[in-house]
Amino acid sequence: MLNPKKIEEIIQQVQNNLPQGIKEIGNDVEAKLKQVLQAQLSKLDVVTREEFDVQTQVLLRTREKLTALEAKVDTLLQQQTPNT
């Protein structure tokens, strides 16, 4: 398996040895790509990881409360059944 740091070093060496005109074209392409990606990502309905984790915790607590309420309802129904 290739060492990722070694690959990064090779890429950096290639970039450093490119003529200035090619570097500028590469920078322009990279900037345009970033703009396009950001524009497309902004159209998506996504949330941050932090917000996702918070909502996951809220859902877990809600599920626990629902389970507890279901158990109470079952208990109340069982208590009511013998009385009727």
State plainly whether one hydrophobic cluster holds both Ile25 and Leu33, where clusters connect Ile, Leu, Val, Met, Phe, Trp and Tyr through side-chain heavy atoms under 4.5 angstrom apart. yes
Go through the steps for Gln12 and Glu9 under the test side chain to side chain contact (heavy atoms under 4.5 Å, CB included), then give the verdict. CA-CA 5 Å; Gln12 189 63 42; Glu9 289 175 15; 5.7 Å; no
Rounded at 0.5 Å granularity, tell me how far OG1 in Thr48 sits from CD in Gln55. 10.0 Å
Distance, nearest 0.5 Å, that separates CG of Leu37 from CD of Gln35: 10.5 Å
Please determine whether a side-chain nitrogen of the Lys or Arg among Lys32 and Asp28 lies less than 4.0 Å from a carboxylate oxygen of the Asp or Glu. no
Atom pair CD/OG1 of Glu70 and Thr75 - distance to nearest 0.5 Å: 11.5 Å
For Glu30, is there an ion pair with Lys34 - N to carboxylate O distance below 4.0 angstrom? yes
Is the shortest side-chain heavy-atom distance between Gln79 and Leu76 below 4.5 Å? yes
Whether over 12 other heavy atoms sit under 6.0 Å from Glu50 CD: no
